[in-house]
Protein chains: 2
Amino acid sequence: MIDVAREAGVAFKTVSRVVNGEPVRRESLERVDAAIAKLGYRRNIGAASLRSGRSRTVGLLVYEISESFQLSLAQIVEAALAEKGYRLVVASTMGLGEREAEFFESFCANNFDGLIVLPSTVEQSYMRPELEAGVSIVFVDRPPKNLETDVVLAENREGMRHATEYLIAGGHRRIGFFSLKLDNYTGVERHGGYRDALDAAAVSYDERLVSEWPETRQQALEALDAMLALPSPPTAFLSGASPLAKRLLWAFRQRKITPPFVSYDDFELADLFEPPVTVVSQDSRRMGLAAVDLLLQRMQGDTTPPRVVRIPTHFIERGGSIMPEA
Amino acid sequence: MIDVAREAGVAFKTVSRVVNGEPVRRESLERVDAAIAKLGYRRNIGAASLRSGRSRTVGLLVYEISESFQLSLAQIVEAALAEKGYRLVVASTMGLGEREAEFFESFCANNFDGLIVLPSTVEQSYMRPELEAGVSIVFVDRPPKNLETDVVLAENREGMRHATEYLIAGGHRRIGFFSLKLDNYTGVERHGGYRDALDAAAVSYDERLVSEWPETRQQALEALDAMLALPSPPTAFLSGASPLAKRLLWAFRQRKITPPFVSYDDFELADLFEPPVTVVSQDSRRMGLAAVDLLLQRMQGDTTPPRVVRIPTHFIERGGSIMPEA
DNA sequence: CTGTTAGCGCTTTCAG
DNA sequence: CTGAAAGCGCTAACAG
């Protein structure tokens with residue numbers, strides 16, 4: 001920067017002003033721009049943020065970037081922040097809860113201005129010191145545990161209830177439910193929606209029809225077999241999340257069946273299966289924009305109490321019979 | 001750091017040594033550790049890198065993180081670097097070539113120690129100043145244009161030739177090829193492999209059987225229809241990359257056909273189609289490890305001439321008839 | 001609008 | 001093994 005200043009014949013502070021788009025005399029600006037171009041100068045963001053305390057960078061912490069919803073959210077958040085002049089750095093814990101804290105540390109050590117978190121199922125009280133020290137944090141998808149922050153949620157319960165009602169309307173009374181783990185918000189809510197719909201239709205809840213998070217294709221198949229071996233087996237199936245849907249589609253295929261099936265979460269190629277997969281889709285656009293909106297407000301010093309924003313889901317009916325197979 | 005030093009009763013330089021794992025007296029170490037824990041001190045990485053010039057951070061620039069190969073590569077690279085004490089920051093241009101330079105700027109401004117690039121199809125001479133200034137850069141998937149760096153490549157040509165030979169062995173003489181754009185390395189190589197196999201089997205090359213990068217499902221369908229309307233239509237199909245495979249599978253479905261089909265690039269759920277999709281799979285593990293290996297050598301000051309590493313592909317036969325339908 | 005001075009938090013260098 | 005001093009590249013605060 002000193003070199004540029006010398007080249008342009010101005011003080012190095014003037015160079016700083018030019019680089020930051022602050023007002024300078026027209027002539028200085030041109031001279032500085034020319035010097036920058038000539039010397040191939042590039043501003044060191046690290047040094048700038050060291051001094052100013054701000055980095056114009058936001059972190060996004062997701063637990064599985066390969067899930068269609070989370071990837072889409074990341075893209076939307078990135079675009080929305082770019083528009084406001086912020087960079088986004090994305091980190092994915094790949095389902096390993098213990099990495100969440102690790103990334104959080106790393107984000108803090110890089111003094112990011114804000115953080116958007118899609119939490120895995122661990123608790124987040126370790127974030128409290130930073131939160132109280134003024135770091136802006138917004139949660140998405142699931143609320144924090146042992147922490148108070150803004151949070152953007154999908155209408156998990158409504159969405160799952162709607163999916164269940166759809167199958168019930170098709171005449172099903174025995175509906176197998178492949179659930180997320182019930183130790184976290186989304187798992188509990190979606191399971192709750194399933195149960196709500198059963199209750200409303202006076203269909204009795206049978207826990208033998210619920211499989212909690214089979215972790216592999218093989219486990220999903222075993223759970224499916226167990227349900228099919230019941231005296232009164234399910235005639236339709238629900239999945240609580242896209243990874244489950246993929247395992248279950250594999251299991252259906254092993255058994256050469258194509259029962260009526262609806263999944264929470266859309267996923268790529270869901271429409272290309274035979275029959276295509278009807279889904280409850282989360283609105284990643286609205287959720288992402290809401291999260292950015294809340295975050296920017298906090299970063300601008302808003303200290304009102306934490307808010308909860310709920311975004312409705314969309315039911316995407318892709319055809320395929322919903323009638324029992326006979 | 002000064003606070004910690006005061007708390008521990010040592011010079012603040014000693015704290016720095018502890019934080020960096022440099023040798024200190026046992027007693028000092030314990031006192032400093034205790035003070036760090038008590039004060040909740042966290043080292044500011046930005047400041048450290050400002051002074052030292054190193055950031056222990058590597059950037060990974062991909063063009064489409066949602067592609068199975070690139071995501072897998074990112075995970076492998078991250079793990080391999082983590083083992084050596086480096087962080088990885090991933091940026092995806094989402095297929096927008098112009099964003100490549102933008103991210104590169106951003107990486108430089110954050111003085112990263114190294115960079116792994118999966119280039120989109122633009123040219124990279126803009127990286128030359130940094131490369132010559134000693135920034136370590138390794139290319140993966142495609143070689144740089146107008147630049148000399150280490151590069152890790154898959155055996156694109158061999159892989160595509162093998163896939164083509166497989167269909168020829170099934171008796172096919174008319175094979176529709178959905179190709180990447182021919183303005184880039186992978187596009188040209190894979191097309192070359194297709195052509196090599198045809199030539200070796202004395203099958204004439206017909207450019208009406210080649211569709212260059214239909215960008216949407218609809219365009220893929222139009223290209224498919226055009227081929228099917230030929231006097232001598234194709235009896236089998238090849239895709240040069242997974243996005244093409246997905247569009248083409250949709251098009252097959254529209255026309256209610258399931259012709260013999262092989263795609264370059266594996267993708268999630270490829271095995272769940274009916275029939276399952278046979279693929280040429282790139283070895284993301286070996287390619288990722290090779291890239292990290294080359295990069296670390298460069299970062300340690302290796303200035304030998306740039307190297308090219310080629311990694312074989314795997315042919316994953318998933319069944320489904322390869323015989324002509326009639 | 002421009003320049004000067006101080007200092008962000010850390011590592012480097014070099015002297016003890 | 002430890003400490004003091006200098007300074008990485010930049011912006012804040014203020015004076016001109």
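For B/Phe12, taking side-chain heavy atoms from C-beta onward, the closest of the listed nucleotides D/dC10, D/dA6, D/dG3 is D/dA6. Set against D/dC10, D/dT2, D/dA4, the side chain of B/Arg17 has D/dT2 as its closest nucleotide. Of the candidates D/dC10, D/dC1, D/dA6, D/dC1 carries the atom nearest the B/Pro23 side chain, counting heavy atoms from C-beta on.
For DNA chain C, the contact window with chain B, defined by any atom under 4.0 Å from a protein heavy atom, covers C/dG9 to C/dT12 in 5' to 3' order.
Contact annotation for B/Ala11: backbone-only contact, meaning every heavy-atom pair under 4.0 Å involves sugar-phosphate atoms and none involves a base. A/Ser49 comes within 4.0 angstrom of no nucleic acid atom, judged by non-hydrogen atoms across all strands.
From B/Glu105, atom CD reaches atom CE of B/Met127 across 10.0 Å, with rounding to the nearest 0.5 Å.
A donor-acceptor pair under 3.5 Å is formed between the side chain of A/Glu100 and the backbone N or O of A/Ser120. Counting only distance, with no hydrogens or angles, the side chain of A/Arg128 and the backbone of A/Asn146 share a donor-acceptor pair below 3.5 Å. Between the side chain of B/Ser72 and the backbone N or O of B/Ser68, no donor-acceptor pair lies under 3.5 Å.
A/Met1 has its CE atom 16 Å from the C1' atom of D/dG7, to the nearest Å. One atom, CG of A/Asn20, and another, P of D/dG9, lie 17 Å apart when rounded to the nearest Å. In this entry the distance linking NZ of A/Lys13 with P of D/dA15 reads 16 Å, nearest Å. As a whole-Å value, the separation of B/Arg51 CZ from D/dA5 P is 16 Å. Put simply, CZ on B/Arg31 is 13 Å from C1' on D/dT2, counting in whole angstrom units.
Counting only heavy atoms from C-beta outward, the side chains of B/Phe107 and B/Ile137 never approach each other to under 4.5 Å. With contacts defined as side-chain heavy-atom distances shorter than 4.5 Å, the pair B/Val18/B/Ser28 does not qualify. No side-chain heavy atom of B/Asp141 sits under 4.5 Å from any side-chain heavy atom of B/Leu73. Using a 4.5 Å heavy-atom threshold, the side chains of B/Met299 and B/Val58 count as touching.
Looking at B/Glu123 and B/Lys145, no side-chain N of the basic residue comes within less than 4.0 Å of a carboxylate O on the acidic one, giving no salt bridge.
Distances shorter than 4.0 Å separate none of the side-chain N or O atoms of A/Ser16 from OP1 or OP2 on D/dG9. Listed pair A/Arg54 / D/dA12 meets the phosphate criterion, a side-chain N or O lying under 4.0 Å from OP1 or OP2.
Residues of residues 102-113 of chain B having a heavy atom closer than 4.0 Å to DNA chain C: none are found. Listed in residue order, the members of residues 32-44 of chain A having a heavy atom less than 4.0 Å from DNA chain D are A/Tyr41, A/Arg42, A/Arg43, A/Asn44.
Between A/Arg87 and A/Ser55, the shortest heavy-atom distance links the atoms NH2-O, 3.0 Å.
Around atom CD of B/Glu148, no more than 12 heavy atoms belonging to other residues, nucleotides or ligands sit under 6.0 Å away.
The only member of A/Leu294, A/Val308, A/Asp293 that meets side chain to side chain contact (heavy atoms under 4.5 Å, CB included) when paired with A/Asp150 is A/Leu294.
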